2 protein chains.
Amino acid sequence: MAKTAQGAAAPTDRAPGKRARLVQAAKDLLYEQGVERTTLAEVAARADVPPGNVYYYFKTKDDLVEAAIASQREDVESTLAGLETHRTPKARLRALVRVFIDAREQVARSGCPQGSLCSELDKRADRLSDACGELMRLPISWAERQFAEMGRRDAPELAVALIAGYQGAALLANTFRDPDLLAGEGKRLERWIDGLS
Amino acid sequence: MAKTAQGAAAPTDRAPGKRARLVQAAKDLLYEQGVERTTLAEVAARADVPPGNVYYYFKTKDDLVEAAIASQREDVESTLAGLETHRTPKARLRALVRVFIDAREQVARSGCPQGSLCSELDKRADRLSDACGELMRLPISWAERQFAEMGRRDAPELAVALIAGYQGAALLANTFRDPDLLAGEGKRLERWIDGLS
DNA sequence: GTCTATATTTAGATAGAC
DNA sequence: GTCTATCTAAATATAGAC
């Protein structure tokens, strides 16, 4: 069974892209407005799908949110995979920080896509908060591998420190609507990485 | 006009504590469940006030949320004021990190009270997100004063780094339900403060 | 298999009783 | 001044038409 670039196909092949459009619209709106404030009607409208029709593709709103999280997960995996072109682990870690800095305008507007999702869904204790945990684990595990490859025994702690530093800076940049705050913290993290043996 | 320990009095003095109970219940529930998932009926129930009666004290839900944020603000101010007993700025900063670490169980369960509020309300652009900004500014300004007193020219950046580090660690600790993660990052921040000249 | 009209629920808010 | 019964609106979800 082939998997298309648009993700899992709809129940049949008759509605090309509709399911994918719903997932994309949901991902965007959940990020911009938060999960609770986003209605299925809004998602349907942005995806250009008749309202109410959403339930043909997703049994519940949570199911749609879960699909949006899975899509974010693919985005993160793709971004991390793209960093592998750099030759040294230190260069790869710096490149990750670059990715953070480059997204500063968007982050100042709506926060970190993964971080704000975790913050909202962590209040619950269900499969959605679990999915968020997996999402957040990805960059930490990736960074941990890089630090380990540098020979650092404290790779797990360093990875947590790096991602925590970014997440905190993203929250503050969003709170103060200040992309420069994120850029400044990014620079700090770069210097910190450079200083590691 | 005297201000009681319970905060601003109700429109009259006839309903002693009811308004304060509503604010306290709202503060707790907004923290535990998030703003959007908390209903006025739940707040009323926890405050032991008849449902629907909330509107006698607060014209809208946003008004109640705003009062809860103001109450959080007082909590933060009180905590920061309590740190002034320490004699040196470095000791005061370390004491702040201690406060973070001591709250690790609660943070692992429901996140940082200020951070999760900011994360959710920053998606909006209204007086509530503004109030969150003020809330988050408090510890940063306080830390900045300590670093400045230590003679650091880069006090603003250091203050942002400290609070960002905590906020990020709080988010991860909540996401992974791991108080030890926060304790570990707290230790890191303590060592970082100690290493500053 | 695909989609729409409608039902159900529940939130926030208010008019008016006490 | 204080509180309650009720309204309105809007969200999620479903039965059933096409």
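Chain letters run A, B, ... following the sequence lines, proteins first, then strands; residues in each count from 1. A quick note: this is a predicted structure, and the numbers were derived from the prediction, not measured.
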Contacts table for residues 185-196 of chain A: side-chain donor-acceptor under 3.5 angstrom, sequence neighbours left out:
unit_1, atom_1, unit_2, atom_2, d
A/D194, OD1, A/R94, NH1, 2.8
A/D194, OD2, A/R94, NH1, 2.5

Q.
Between P on D/dT2 and CG on B/L22, what's the gap in Å once rounded to a whole number?
A. 13 Å

Q) Distance check: side-chain N/O of B/Y55 vs OP1/OP2 of C/dT14, anything under 4.0 Å? A) no

Q.
Rounding to an integer number of Å, can you tell me how far A/K59 NZ sits from D/dA15 P?
A. 13 Å

Q) With respect to the side chain of A/N53, which nucleotide from C/dG12, D/dG1, C/dC3 is positioned closest? A) C/dC3

Q. Which of these nucleotides, C/dG1, C/dG12, D/dT4, is closest to any side-chain atom of B/P50?
A. D/dT4

Q) D/dT2 C1' sits how many Å from B/F58 CZ, rounded? A) 15 Å

Q.
In this structure, how many angstroms lie between the P atom of C/dG12 and the CZ atom of A/R37, rounded?
A. 12 Å

(Q) In this structure, how many angstroms lie between the P atom of C/dC3 and the CZ atom of A/R19, rounded? (A) 14 Å

Q: Examine C/dC3: is either OP1 or OP2 under 4.0 Å from a nitrogen or oxygen in the side chain of A/K18? Give yes or no.
A: yes

Q.
Rounded to whole Å, please give me the gap between OH in B/Y56 and C1' in C/dA15.
A. 16 Å

Q) Of the nucleotides C/dG12, D/dC3, D/dT2, which one has an atom closest to the side chain of B/Y57? A) D/dC3

Q: Return the nearest nucleotide to the side chain of B/L40; candidates are C/dG12, C/dT4, D/dC3.
A: C/dG12

Q: Report the C-alpha distance between A/K123 and B/E120 in whole Å, list the side-chain angles of each, state the deciding distance to 0.1 Å, and finish with yes or no for side-chain contact (heavy atoms from CB on, under 4.5 Å).
A: CA-CA 11 Å; A/K123 301 273 184 195; B/E120 184 172 4; 5.7 Å; no

Q) Can you tell which of D/dT4, D/dT12, C/dA13 lies closest to the side chain of A/K61? A) D/dT12

Q.
Walk me through whether B/L93 and B/W142 qualify under side-chain contact (heavy atoms from CB on, under 4.5 Å).
A. CA-CA 9 Å; B/L93 287 165; B/W142 182 90; 4.0 Å; yes

Q. Are any non-hydrogen side-chain atoms of A/Y55 and A/L64 less than 4.5 angstrom apart?
A. no

